[in-house]
Amino acid sequence: MRIIPRHLFVPEKCRAQAYEDRPLPIGYQQTISQPYIVGLMLEAVELTGTERVLEVGTGSGYQAALLGWLAKYVYTVEIIPELAQSARAMLIAYENVEVLVANGSIGWKAGAPYDAIIVAAASPTVPPSLSEQLQEGGRLVLPVGEFGSQELLRLRKQRGKVVTENLGGCAFVPLIGEEGWKSGAFSA
Ligand code: SAH
């Protein structure tokens with residue numbers, strides 16, 4: 001996190017706050033996550049440099065850049081084309097990071113199975129497609145719960161079974177889609 005300049009991943013008007021430990025708006029009602037939470041999720045997926053990773057929710061591309069440093073290959077999926085496009089431009093020098101425009105609530109089958117999956121948006125339940133796309137021994141870290149308040153979970157696939165740990169409370173923007181929140185369900 002010392003190597004990657006977070007201020008380049010936030011809008012110019014927020015640059016002065018880029019090194020504060022809080023989320024910041026990146027447009028389209030989305031945010032770049034709080035650095036503490038990014039660190040917690042990255043630690044929780046236990047990367048050693050050899051892994052193939054899926055990130056759901058590219059947003060600014062900041063966490064994808066960190067994943068690029070920590071893993072062998074990263075697929076990152078974003079549902080908002082404009083955010084994907086600016087993240088792709090930010091990540092141009094990262095040859096091991098691929099930015100895709102898609103609904104990641106059903107994962108990204110073409111790259112599966114993954115050693116690790118990080119979801120940067122909250123869903124009401126664990127999307128079954130994501131645990132299916134985990135490799136044996138793989139880790140899935142994601143926020144699950146109500147709109148505005150969730151628990152960060154780590155699921156680990158062990159001998160075909162999934163073991164779940166609770167890493168504590170958090171608050172993420174909603175994961176949109178079939179296996180997340182139906183679009184409009186939270187817009188009241
Ligand atoms: N990791 C990001 C923070 C992402 S905020 C960063 O480092 O900046 C969550 C992102 O998830 C938003 O950009 C939102 O558009 C995206 N998102 C929400 N639902 C999604 C879905 N079903 N598939 C892919 N991306 C989704």
Side-chain angles (χ1 to χ4, degrees), residues 1-45 47 49-112 114-123 127 129-130 133 140-143 170-178 180-181 183:
M1 292 177 94
R2 278 202 204 98
I3 293 168
I4 297 179
R6 188 171 184 255
H7 70 272
L8 298 181
F9 291 83
V10 303
E12 250 174 71
K13 61 177 194 306
C14 298
R15 289 215 168 141
Q17 287 87 51
Y19 296 98
E20 291 174 15
D21 191 19
R22 59 175 171 116
L24 291 168
I26 55 170
Y28 309 92
Q29 296 179 304
Q30 305 305 323
T31 55
I32 178 172
S33 307
Q34 178 191 4
Y36 168 78
I37 287 285
V38 173
L40 182 64
M41 290 198 291
L42 290 172
E43 214 171 83
V45 282
L47 301 173
T50 60
E51 295 82 4
R52 299 171 67 262
V53 177
L54 172 66
E55 180 194 34
V56 178
T58 314
S60 67
Y62 174 66
Q63 182 165 259
L66 291 161
L67 285 168
W69 273 85
L70 296 170
K72 186 170 179 197
Y73 199 84
V74 181
Y75 296 87
T76 179
V77 182
E78 171 56 52
I79 202 166
I80 300 176
E82 292 84 351
L83 285 176
Q85 202 178 335
S86 57
R88 197 173 283 141
M90 286 301 301
L91 296 166
I92 198 91
Y94 289 75
E95 287 174 5
N96 65 336
V97 181
E98 200 171 325
V99 182
L100 303 149
V101 180
N103 183 342
S105 76
I106 53 164
W108 179 255
K109 226 172 169 177
Y114 301 99
D115 300 297
I117 303 177
I118 287 192
V119 187
S123 83
S129 302
L130 295 183
Q133 289 174 26
L140 162 62
V141 172
L142 82 173
C170 58
F172 279 79
V173 295
L175 179 76
I176 311 300
E178 294 93 317
W181 296 90
S183 169

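Note: hydrogens, waters and symmetry copies are ignored here, and every other heavy atom, side chains too, is used.
- Between Ala65 and Phe9 the shortest heavy-atom distance is CB-CZ, 4.0 Å.
- Residues Val74 and Gly68 approach most closely at CG2-N, 3.9 Å, considering heavy atoms.
- Under the side chain to side chain contact (heavy atoms under 4.5 Å, CB included) rule, Val56 has a single partner from Leu140, Val119, Ile106, which is Val119.
- Considering CD1 of Ile32 and CD of Gln63, their distance stands at 9.5 Å, rounded to 0.5 Å.
- Here Leu83 contributes atom CG and Gln30 contributes atom CD; the two are 6.5 Å apart, rounded to the nearest 0.5 Å.
- Contact record, Arg88 with Val99: NH2-O, 2.8 Å, taken as the closest heavy-atom pair.
- A distance of 4.5 Å separates CH2 in Trp108 from CG in Leu100, rounded to the nearest 0.5 Å.
- In this structure the side chain of Leu42 reaches within 4.5 angstrom of the side chain of Leu67, judged on heavy atoms.
- Put simply, the side chain of Met1 reaches to within 4.5 Å of the side chain of Leu66, judged on heavy atoms.
- Other residues, nucleotides and ligands place no more than 12 heavy atoms under 6.0 Å from the CD atom of Glu43.
- Taking every heavy atom of both residues into account, Leu70 and Leu47 meet most closely at O-CB, 3.6 Å.
- Counting heavy atoms from C-beta outward, Val173 and Pro23 have side chains that stay 4.5 Å or more apart.
- Side-chain contact between Tyr62 and Val10 is absent, with no heavy atoms from C-beta onward closer than 4.5 Å.
- More than 12 heavy-atom neighbours from other residues, nucleotides or ligands sit within 6.0 angstrom of CD on Glu20.
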